[in-house]
Amino acid sequence: MAMKERDIPWALFKLEALEKRLIPSHDAKELLEIDFRKKRRQIRGEKRVEFPLSFLDEDKFEVLHNVRVEDEQGFFQIDTLVLSRKFGLILEIKNWYGMIIFGENGQVTRIGDDKKEEGFPNPIPQAKLQQYRLQKWLRKQGYPTLPIAYLIVISFPSTVIRPHPPATIPQEVIHNSQLTFSIRELENTYTNQYLSKKQLIKLLRTIMDAHTPEPILTLRKYNVHLNELVRGVFCPSCKRTIMQWRRQKWFCSGCYHISTDAHLSALNEYKLLINDYITNKEAIEFLRIDSPNVVKNILQKLQLQSTGNTKSRKYELEFYHTHLSKY
């Protein structure tokens, strides 16, 4: 089961890097901070769904996360897709918190801890459209008609869901804790087998081959120029001070933390925001080290792939996962 795991949350890492390095006076600073908090909440909410899905029978169900495929109208994305020989299931995950009220005419309102009201699009039409597009896409790929159901999963258990009479809560809207049992009910509802085991495996491969990650153009989206990024190596302890390179180590004048590899986070951020490649001159400027020899030694110790020679040499950066945030 789970032939396609969740994609690495590069969008979140890019937002975090930009939020960290964008000059405080930039017009997009406030919007960026809001988007970063939303994206982090989204990632955490989506991961909560993995626990109830782990109880599914591995011989019967396959799970694909973050599926994005193209049809005639462009790309459409499904948070989580559960497939079996009897039916498919679209999970639209909502990271709503506070109190969610379903009103008349499909209106959805969230009341937060501050008592402020915020309107949201009704998730049912969105899920129905995903259902329609997926069924149409499957037919185009030559697969027999497979029933596709959908559920709206509220990821946070503390979220209160209420109707505003005479409206009712749609039966497709459930809490995360109900997900395992809702899938079991669907399994009892759909009794016919539309796919053989071989066809199911083939379908999974077809979807995975068609999956196209969404391009992330962070600087362009927020209208940020390179000269509006803060340069230097941030202290991994206090996270505020730009460190100084002294005697083969990084030293923080704010909290006196010492590190031998704090530059790895900075190089991650360079790769996330600027380029997959870096020259010696660019590393001097971004890491804020005056000595070309020191920077050359740092890059060569990382044993990076490089092209060119002398002044034209550029290094292909890798991601140092131990220096990425854990969510």
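More than 12 heavy-atom neighbours from other residues, nucleotides or ligands sit within 6.0 angstrom of CZ on Phe75. Enclosure of atom CZ in Arg162 is not indicated, since only 12 or fewer non-hydrogen atoms of other residues, nucleotides or ligands lie within 6.0 angstrom. Heavy atoms of other residues, nucleotides or ligands lying less than 6.0 angstrom from NZ of Lys20 number more than 12. More than 12 heavy atoms of other residues, nucleotides or ligands lie within 6.0 Å of CD in Glu72, so this atom counts as buried by the packing criterion. The number of heavy atoms from other shown groups lying within 6.0 Å of CG (Asn188) is above 12.
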Exercise for the section: Tell me, with the steps shown, if Glu16 and Lys39 meet salt bridge (charged side-chain N to carboxylate O under 4.0 Å, His left out). Expected result: CA-CA 10 Å; Glu16 180 185 39; Lys39 179 59 71 173; over 6 Å; no
Practice task
I would like to know whether Val233 and Arg288 meet side-chain contact (heavy atoms from CB on, under 4.5 Å); could you show each step before the answer?
Solution key: CA-CA 8 Å; Val233 174; Arg288 288 177 59 174; over 6 Å; no
Exercise for the section: Give the intermediate values and the outcome of side-chain contact (heavy atoms from CB on, under 4.5 Å) for residues Tyr150 and Lys128. Expected result: CA-CA 8 Å; Tyr150 60 84; Lys128 284 183 176 179; 3.2 Å; yes
Practice task
List the steps and the verdict of salt bridge (charged side-chain N to carboxylate O under 4.0 Å, His left out) for Lys60 and Glu187.
Solution key: CA-CA 10 Å; Lys60 296 180 180 179; Glu187 188 178 10; 3.1 Å; yes
Practice task
Apply side-chain contact (heavy atoms from CB on, under 4.5 Å) to Leu53 and Val63, showing your working.
Solution key: CA-CA 8 Å; Leu53 290 177; Val63 180; 3.9 Å; yes
Exercise for the section: May I have the step-by-step check of side-chain contact (heavy atoms from CB on, under 4.5 Å) for Leu18 and Leu219, ending in yes or no? Expected result: CA-CA 8 Å; Leu18 183 56; Leu219 294 185; 3.7 Å; yes
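Judged purely by distance below 3.5 Å, without hydrogens or angles, the side chains of Gln135 and Gln131 never pair a donor atom with an acceptor atom. For the residue pair Ser155 and Asn176, no side-chain donor N or O sits within less than 3.5 Å of a side-chain acceptor on the partner. Side-chain N/O atoms of Gln199 and Lys202 include no donor and acceptor closer than 3.5 Å. Side-chain atoms of Glu282 and Thr279 include a donor-acceptor pair closer than 3.5 Å. With 3.5 Å as the limit, one finds no donor-acceptor pair spanning the side chains of Thr307 and Tyr315.
For the pair Glu269 and Arg21, the salt-bridge criterion is met [side-chain N within less than 4.0 Å of a carboxylate O]. With respect to the salt-bridge test (charged N to carboxylate O, under 4.0 angstrom), the residues Lys281 and Glu285 qualify. Of the charged side-chain nitrogens involved, none lies within less than 4.0 Å of a carboxylate oxygen, so that Glu318 and Lys271 do not count as a salt-bridged pair. Lys94 has a carboxylate O that lies under 4.0 Å from a charged side-chain N of Glu92, or vice versa, which qualifies the two as a salt bridge.
Residues Asn192 and Lys86 fail the side-chain proximity criterion, which asks for heavy atoms closer than 4.5 Å. By the 4.5 Å heavy-atom criterion applied to side chains, Cys252 and Ile258 are not counted as neighbours. With contacts defined as side-chain heavy-atom distances shorter than 4.5 Å, the pair Ile154/Val173 qualifies. Under the 4.5 Å side-chain criterion, counting only non-hydrogen atoms from C-beta, Ser177 is not in contact with Pro157. In this structure the side chain of Met243 never reaches within 4.5 angstrom of the side chain of His263, judged on heavy atoms. Using a 4.5 Å cut-off on side-chain heavy atoms (C-beta onward), Glu46 and Ile43 make contact. Looking only at side-chain heavy atoms (C-beta outward), Leu91 and Asp79 stay at 4.5 Å or farther from each other. No side-chain heavy atom of Leu267 sits under 4.5 Å from any side-chain heavy atom of Phe319.
Remark: Met99 CE to Ser158 OG distance equals 11.5 Å, nearest 0.5 Å. Considering CG of Leu89 and CG of Leu83, their distance stands at 9.0 Å, rounded to 0.5 Å. Here the CG-CH2 distance, from Asp71 to Trp137, works out to 10.0 Å after rounding to the nearest 0.5 Å. Here Arg133 contributes atom CZ and Gln77 contributes atom CD; the two are 11.5 Å apart, rounded to the nearest 0.5 Å. To the nearest 0.5 Å, atoms CG (Leu203) and NZ (Lys198) are separated by 14.5 Å. We find the OG-CZ distance between Ser196 and Arg85 to be 6.5 Å, quoted to the nearest 0.5 Å.
One N or O on the side chain of Lys239 and one on the backbone of Pro236 form a donor-acceptor pair closer than 3.5 Å. Between the Lys14 side chain and the Leu272 main chain, a donor and an acceptor come within less than 3.5 Å of each other. The backbone N or O of Gln107 lies less than 3.5 Å from no partner atom in the side chain of Thr109, so there is not a single donor-acceptor pair. A donor-acceptor pair is defined here as one N or O able to donate and one able to accept, closer than 3.5 Å; no such pair exists between the side chain of Asp261 and the backbone of Leu264. Looking only at distances, no side-chain donor or acceptor of Lys314 sits under 3.5 Å from a matching main-chain atom of Ser306. In this structure, His225 contributes its side chain and Asn227 its backbone to no donor-acceptor pair below 3.5 Å.
Closest of all the heavy-atom pairs between Val295 and Ala283 is CG1-CB, 3.4 Å. The two residues Glu117 and Ile111 make their nearest non-hydrogen contact at CG-CG1, 4.0 Å. Residue Ser253 comes nearest to Thr241 through the heavy atom pair OG-CG2, 3.8 Å, listed as atom of the first residue, atom of the second, then distance. The two residues Ile207 and Val67 have their closest heavy-atom pair at CG2-CG1, 3.7 Å. Nearest approach of Pro292 to Asn280, heavy atoms of both residues: O-ND2, 3.4 Å. Here the closest heavy-atom approach between residue Gly45 and residue Asn95 is recorded as CA-OD1, 2.9 Å.
For Trp96 and Phe120, the distance between ring centers is under 6.0 angstrom.
The aromatic rings of His321 and Trp10 are tilted relative to each other, their planes meeting at an angle between 30° and 60°. Using the six-membered ring where Trp is involved, Phe51 and Phe55 have ring planes that are perpendicular, over 60° apart on the 30 and 60° scheme.
A chain of hydrophobic side-chain contacts below 4.5 Å, direct or via other Ile, Leu, Val, Met, Phe, Trp or Tyr residues, connects Val294 to Tyr270. Using a 4.5 Å cut-off between side-chain heavy atoms of Ile, Leu, Val, Met, Phe, Trp and Tyr, with links allowed through other members, Leu204 and Ile148 fall into the same hydrophobic cluster. A continuous path of Ile, Leu, Val, Met, Phe, Trp and Tyr side chains, each step under 4.5 Å between heavy atoms, connects Leu146 with Ile78, placing both in one hydrophobic cluster. In the hydrophobic clustering of ILVMFWY residues, with side-chain heavy atoms under 4.5 Å counting as a link, Ile161 and Phe156 come out apart. Hydrophobic clustering of Ile, Leu, Val, Met, Phe, Trp and Tyr side chains at less than 4.5 Å, counting indirect connections, unites Leu195 with Leu81.
Annotation: cation-pi pair Arg231/Phe286 absent, no NZ/CZ under 6.0 Å from the ring centroid and within 45° of its normal. Geometrically, Arg110 engages Tyr97 in a cation-pi contact defined by less than 6.0 Å to the ring centre and at most 45° from the axis.
Each ring-ring contact (aromatic ring centres under 6.0 Å, His included) pair with one or both residues in residues 163-208, not counting sequence neighbours, appears once here: Phe87-Tyr190.
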